[in-house]
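Proteins come first, then strands; the chains are lettered A, B, ... in the order of their sequence lines, and each starts at number 1.
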Protein chains: 2
Amino acid sequence: MTAPRTYEALRDELASRHDELSKRLKQIAEYALDNPNDMALETVSAIAERAAVQPSSLIRFAKAFGYTGFSEMQKVFRSHLVENGSNYKERIRSLGRDSVHQSNASSIVLDDFIDGGIAALSNLRDVISPERLEQTVDILAKADVVYLSAQRRSFPIASYLAYALAHLDKRCVLIDGNGGMFLEQARSMRKGDALLAISFKSYASDVVQLVKETRGKGIPVVSISDGVLSPLAQHSDVCLEVEEVEVHAFRSLSATMTLALTLVVALGHALDQSS
Amino acid sequence: MTAPRTYEALRDELASRHDELSKRLKQIAEYALDNPNDMALETVSAIAERAAVQPSSLIRFAKAFGYTGFSEMQKVFRSHLVENGSNYKERIRSLGRDSVHQSNASSIVLDDFIDGGIAALSNLRDVISPERLEQTVDILAKADVVYLSAQRRSFPIASYLAYALAHLDKRCVLIDGNGGMFLEQARSMRKGDALLAISFKSYASDVVQLVKETRGKGIPVVSISDGVLSPLAQHSDVCLEVEEVEVHAFRSLSATMTLALTLVVALGHALDQSS
DNA sequence: TTATTATTGGAATATATTTTCTAAATTAAG
DNA sequence: CTTAATTTAGAAAATATATTCCAATAATAA
């Protein structure tokens, strides 16, 4: 008699053994299937009250299904709650941890990055707010010239955006710091333009400073960054937050790239309509 | 001083007051934003351990944001977990898809690209042959200097590779055609080096020609391209084939980017072992 | 520097939660 | 209807968890 380790297995067990259960245990089984959230989050006594049973019945219930106590069964309900939620980060973290010590054959590495990339994309769907996306597109559409700023590993994103915006006949300047002219390139920004900055922790100081200065001049700033603590988020008019996944100590760019692509296409639509 | 009652409000508060917090409280704020699930489900001491702080700090943290204790704050994290869970989210999404079809089109675009990106990544797993991947890594590992060549929308990939290879202390030259010196940059290639070319149809003629010439000189050429008809595939020692998915007339770069990342990490392992 | 204030760590305490145990109630069998 | 077996309720005990408190440490101002 081994206890179910997943929510699905437990559900099946609850259903199939329902008939052979005693009256009170039946009652609890029904409550559990109806209110899995309560089972996951509430205390024994709270659940007991809501299900109109004694607390001790819940312990008997858990033991009847092979658990050592109620708490152990509750873990199963809790894990379900997490897996169902918008949290791909967890899965990815465990992925990263496991795979580091395993074989480093390159095809295994590829598998990890593919899994990580898929998770990051799924997560992107959950965390990007449509409103912010609209706002961003709006600001970019209205801008006379779009300035793009990114350094290091974010630079390829800006580089791609420069290419794509040019194809949309949207004027843009890629601040690439070529020839050490980072500030010089940025200086030509003026009212009516907009800045799109991309940076992740640890945030490139050039980009952060540029964002602050630009905002200070009253020029709209939109950014792509991670989390609310990002200095870009704090000093931008709109910030699109991306959670990139780290596998093998290297951060993927799939999600950010996909977001960039989306911006381009959405901007293309917006420009079509206004013209 | 009234405590935030929703997860979003709490998130905002955590971000905006982050600067004024003491060292330990900052640390906790960062952990909380990174691991909302832990905050929702784990016990004070478990969280304390994972965040490397004292349990009492967590209580002080909660009180600093106006709660009577940690448990009260935890409720906010828990409610978020429930709201995000199971069918609630699905309902909202499908609702949004139908009703707001015209007004905020950009989130629909995002959805499409995410689906496309996931499809491309899944496909990548099937089409990339481990042998070719190994061969590619092998060639790059043996090269004295790796030359990177890509144009237009593939350029960001090469740009990223240049960044990443530099981090591996692998010498590389990004042939970016800056100052119209495409051929000049390429001319310095010699025996012992290798060329990594990236191009998709319609193939940039510069890159194709460079591949042919380089091969002619007896310098190994590896490439990332699409399908067997690619001139890169025909004139390379090894070609990794990627099928990117086209959505809204724009090709994604997720799969290619993921492949590039994989190359970098696999190359890193290879270099570690040989040194 | 020294005095003052704020912050922190960690043991001690209070609270809450789970689990056990037993007498009472219910059910099933003869 | 009686008896044995099961199940249940509820209080008591054990455990886990949250919170408080204060000495030690670090930060800040004089």
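The residue Ser56(A) sits close to a base: some heavy atom pair falls under 4.0 Å.
The phosphate of dA9(D) has OP1 or OP2 within less than 4.0 Å of a side-chain N or O from Ser57(A). Of the side-chain N and O atoms in Lys63(B), one or more sit less than 4.0 angstrom from OP1 or OP2 of dT20(D).
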Donor-acceptor contacts, no H, no angles, side chain residues 249-256 of chain A, under 3.5 Å, sequence neighbours left out:
from: Arg251(A); atom 1: NE; to: Glu246(A); atom 2: OE1; distance (Å): 3.2
from: Arg251(A); atom 1: NH1; to: Lys201(A); atom 2: O; distance (Å): 3.3
from: Arg251(A); atom 1: NH2; to: Glu246(A); atom 2: OE1; distance (Å): 3.2
from: Ser252(A); atom 1: OG; to: Ser254(A); atom 2: N; distance (Å): 3.0
from: Ser252(A); atom 1: OG; to: Ser254(A); atom 2: OG; distance (Å): 3.3
from: Ser254(A); atom 1: OG; to: Thr258(B); atom 2: OG1; distance (Å): 3.1
from: Thr256(A); atom 1: OG1; to: Glu244(A); atom 2: OE2; distance (Å): 2.9

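Heavy-atom nearest nucleotides on DNA chain D were determined for Gln54(A) and for Ala46(B), and the one closer to the 5' end corresponds to Gln54(A).
To the nearest angstrom, C1' of dG10(D) lies 13 Å from CZ of Arg24(A). The CD atom of Gln74(B) sits 10 Å away from the C1' atom of dA18(D) (whole-angstrom rounding). What separates CD of Glu20(A) from P of dT7(D) is a distance of 11 Å, to the nearest Å. Regarding Leu58(A), its CG atom lies at a distance of 11 Å from the P atom of dA9(D), rounded to whole Å. Protein atom CD of Glu42(B) is 15 Å distant from nucleotide atom C1' of dA18(D), rounded to whole Å. Here the P atom of nucleotide dT15(D) and the CD1 atom of Ile59(A) are 15 Å apart, to the nearest Å.
Ion pairing between Arg125(A) and Asp115(B) holds under the 4.0 Å rule for side-chain N and carboxylate O. By the 4.0 Å N-to-carboxylate-O rule, Lys75(B) lies too far from Glu72(B) to be salt-bridged with it. Classification of Asp237(A) and Arg215(A) as a salt-bridged pair holds, one side-chain N sitting under 4.0 Å from a carboxylate O.
Here dT7(D) is the nucleotide among dT19(D), dT7(D), dA18(D) with the atom lying nearest to any side-chain atom of Arg60(A).
With a 4.5 Å cut-off on side-chain heavy atoms, Gln27(B) and Lys23(B) do not count as touching.
Counting 5' to 3', DNA chain C first comes under 4.0 angstrom of a heavy atom of chain A and last does so at the ends given by dT17(C) to dT20(C).
Side-chain N/O atoms of Gln234(A) and His18(B) include no donor and acceptor closer than 3.5 Å.
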